[in-house]
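Have a look at the structure below before the remarks.
Residue numbers begin at 1 in each chain, while the letters A, B, ... track the order of the sequences.
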Amino acid sequence: MTRAGDPKSATERYVAAFESFAGNGASGAPGWLKTKRESAISRFAETGFPHSRLEAWRFTDVKPIAGEHFVLAAKPEVSAAIRQAADAQLLGGAERHAAVFLNGHFVPELSSLEGLPQGVKLGSLRAALESDAKLVEEHLTRYARDERNPLTALSTAFISDGGFAYIPDDVVLERPLQLLFLADPASGSNPMWHPRTLIVAGRGAGGSLVESYVALGDGTYWTNAVTEVVLGEHAKIDTYRVQRESVQAYHTATTESYQARGSVFKLVNFTFGAELSRQDINAVLDGEGADCTLDGLSMLEGRQHTDHHTTLEHAQPHCTSWEYFNGVFDDRARGVFTGRIIVRPGAQQTDSKQTNNNLLLSERARADSQPQLEIYADDVKCTHGATLGPIDDEHLFYLQSRGLSRQEARHLLTYGFGSEILEAVKLDRLKEQLDGMVRDRLSG
Amino acid sequence: MLEVKNLHSGVEGVEILKGVDLTVKPGEVHAIMGPNGSGKSTFAQVLAGHPAYEVTGGSVTFEGKDLVEMDADERARAGIFLAFQYPVAIRGITNAYFLQSALNAVRKDQGLEELDTLDFAELLEKKLEMIGWDDSLIHRAVNDGFSGGEKKRNEILQLAVLEPKLAILDETDSGLDIDAVKEVAAAVNRFRSEDRAFIVVTHYERILNYFTPDHVHVLAGGKVVMSGDMKLALELEAKGYDWIAGEAAAVAG
């Protein structure tokens, strides 16, 4: 379908890009993956980019992304500056476990993969397609489903590299596994990448992961990331996700978690970057007694826009979920939050609590918050609450009456919004880094 | 220290204080009593500089400075402290961090070195020891999820840390049982000194039994209609406020 005045529609461009992608660089992929890619691009060809007439995309228009002519990024040179930047971003010293990517490509020379505990795997998805073929085939694309989001379909069509982590049964990590996705916008014109990440935690496995998207400079590019996290029975996993893309860049993502019986999953999600970002967070609790926590902080300024579209699906009884998202929006920034909670028939004794607080620091900043409860069981507890507005005058007066200037009082109250979520970060060095990001935003 | 002359003030065009006069000297404790709606809490808020209240007439000077022209934070740094009747909750900020920020704002203004976290922790420990309280409140977010009693205690803890020259206690006794009133009064008593003054705003005389005032004033209809000493407070306790209305009418007439 071609729209008037557009010689080649965005959809057609991506289909054409897929054909040349499938024809060369990606030809080494296993047959099952080729089949998945083919059906994913067919689906995308059918749906095209999401548009604002779709309920789930009502507040976020991705036309600016569709309108750009993005091309799959080549692997850039690793300069000394990039080496330094990667080192500064990563937590821990020589003993760290980190897989580093640059413009979507795995970079072994920036990564630290030695000394992983017995059986633990960390590295690139591309390598895992060979080394852990069975495991990858069993899980990849199974949870983040193409039919739910056209951009997930696009990700599947372009699967070529991304992160891979595996924690075997009963192994509990001492140090976090880090996945760092660096963006070097200077390396080409309008590059894009579709990093695809698979994280599998076995029965009784435990540990934490850090997944960061960080720009090395300003420029227009597009990250379309999909991460699938699978937790076996009684696994306990904390994931910290940090988005610090360039403010001229686009970031679209799906973070999908799937939990078995008695598992505990926590995602602490930070959004600071990108001109336009949209993240779907889908958590499925598919075993009795599973517990899921989604915490999030967005701090945007200028003309940044972010949309967090979250779905917590209680598929089995006796599961608990806790969602706490704070947003701080300055200048003309805008935040959208959707908190969908689905309680499937039979998912009795569900306990779910959702909170979304938005602080608007300027008259032109905007926030939209919408809870969506779909409850098909009768013995459940689901609560939700949302706030949005400027800093409260009574709060300001209280702090000023203790000697803080108006400006100091505003900063402290704003910092409190961030600090509430920072409290959930249990890795000290990461917490420090993020605390610095939050404080930087206060000086604006 | 504090000189209030013919103070008129209100909110959104409605006059609440209609000519209040009050003189407070260092070391004195003044109780402001009065029925509901008499303007006593407004008086406390106006002294602290709440921006919603406009001063439409009269004057307020504190150590020779014109308070009316000063913002709430300037007044605080000059040494005025208001213990709130309804303290607000500040999520995400621990009490310790908040107190440290507030104390440092005051110290900076006085040209003193700011205290780092360790020095401040030491100071806080001393203050808690002085008033005999444990540190259970200091690592929690400011007033967040605090019980009524905890909120009132927290106000007194702030007073202890900030060491104001003039402390205004706005119904610090309200909502507390008698043991809690005694506990709070005992803590405040520790900070009584010959150069610190207190204004205790209260509906009931019971807190005054544990924190004896030098002067008792009755506020009614936005004016001080009667002044005396502790005997006046006891009389009010015995007779209620109804008889004041007649006296006030006599004054106004």
Side-chain angles (χ1 to χ4, degrees), chain A residues 268 270 295-299 324-328 353 355-359 361 385-425 428 431-432 434-435 437-439 441-442, chain B residues 44-53 70-95 97-110 114 139-144 151 154-155 157-159 161-164 167-168 170:
Chain A
V268 192
F270 293 88
D295 288 335
L297 173 68
S298 306
M299 282 187 105
Y324 204 104
F325 267 68
N326 279 358
V328 178
K353 188 174 183 205
T355 308
N356 174 227
N357 297 314
N358 297 285
L359 186 59
L361 294 177
T387 62
L388 60 100
I391 286 179
D392 190 297
D393 284 340
E394 293 301 322
H395 284 78
L396 273 181
F397 174 56
Y398 187 63
L399 296 192
Q400 283 187 266
S401 79
R402 299 302 182 244
L404 297 168
S405 70
R406 195 175 168 79
Q407 180 80 333
E408 287 167 332
R410 282 181 69 88
H411 281 180
L412 193 65
L413 290 166
T414 308
Y415 178 70
F417 255 71
S419 154
E420 248 192 324
I421 305 303
L422 290 175
E423 282 309 306
V425 179
D428 290 344
K431 192 171 171 176
E432 252 172 61
L434 292 165
D435 190 84
M437 297 285 307
V438 170
R439 286 175 191 277
R441 286 292 156 111
L442 300 182
Chain B
Q45 302 255 336
V46 170
L47 288 181
H50 194 298
Y53 296 99
M70 292 161 73
D71 285 338
D73 53 309
E74 296 173 292
R75 299 182 196 203
R77 293 195 296 266
I80 291 179
F81 178 88
L82 170 65
F84 281 55
Q85 184 180 2
Y86 303 112
V88 296
I90 313 288
R91 292 200 322 257
I93 300 295
T94 64
N95 239 342
Y97 187 76
F98 167 52
L99 283 169
Q100 187 186 351
S101 305
L103 181 63
N104 279 336
V106 175
R107 289 179 68 95
K108 199 166 66 186
D109 194 59
Q110 294 168 344
E114 295 184 36
H139 299 296
R140 287 168 62 188
V142 183
N143 296 322
D144 193 19
K151 282 184 186 171
N154 204 29
E155 294 295 290
L157 177 60
Q158 292 175 30
L159 187 160
V161 169
L162 295 172
E163 298 185 321
I168 304 154
D170 187 8

Considering only heavy atoms, which portion of A/Glu408 lies under 4.5 Å from any heavy atom of chain B: side chain, backbone, both, or neither?
-> side chain
Distance in Å, A/Asn326 CG paired with B/Arg91 CZ, rounded so as to fall on 0.5 Å steps = 6.0 Å
Ranked by heavy-atom pairs below 4.5 Å to chain A, first place among B/Ile90, B/Ile80, B/Val106, B/Thr94 goes to B/Ile90
Minimum heavy-atom distance between B/Asp73 and A/Arg406, given as atom pair plus value | OD2-N, 4.2 Å
Chain A contact via B/Pro87 - which portion, at a heavy-atom distance below 4.5 Å = both
Among B/Glu74, B/His50, B/Lys108, which residue forms the greatest number of heavy-atom pairs with chain A at distances under 4.5 Å?
-> B/His50
Kindly give the heavy-atom pair with the smallest separation between A/Leu412 and B/Ser101, and that separation in Å.
-> CD1-OG, 4.2 Å
Does A/Ser401 use its side chain to pair, donor to acceptor, with the backbone of B/Ala72 at less than 3.5 Å?
-> no
With a 4.5 angstrom heavy-atom cut-off, which part of B/Val161 approaches chain A: side chain, backbone, both or neither?
-> neither
Under 4.5 Å from any heavy atom of chain A - which part of B/Ala89 = backbone
Is there side-chain contact between A/Tyr415 and B/Tyr97, with heavy atoms separated by less than 4.5 Å?
-> yes
Would you sort out whether A/Arg402 and B/Phe98 count as a side-chain contact (heavy atoms from CB on, under 4.5 Å), showing the intermediate values?
-> CA-CA 9 Å; A/Arg402 299 302 182 244; B/Phe98 167 52; 3.6 Å; yes
With a 4.5 angstrom heavy-atom cut-off, which part of A/Asp393 approaches chain B: side chain, backbone, both or neither?
-> neither
Would you name the heavy atoms of A/Gly403 and B/Ala76 that are closest together and state the gap between them?
-> N-CB, 3.3 Å
Count the heavy atoms of every other residue, nucleotide or ligand shown that sit under 6.0 Å from NZ of A/Lys431, and state whether that count exceeds 12.
-> yes
Mind checking whether A/Phe397 and B/Phe84 have ring centres under 6.0 Å apart?
-> yes
Let me know if B/Arg75 has heavy atoms under 4.5 Å from chain A in its side chain, its backbone, both or neither.
-> neither
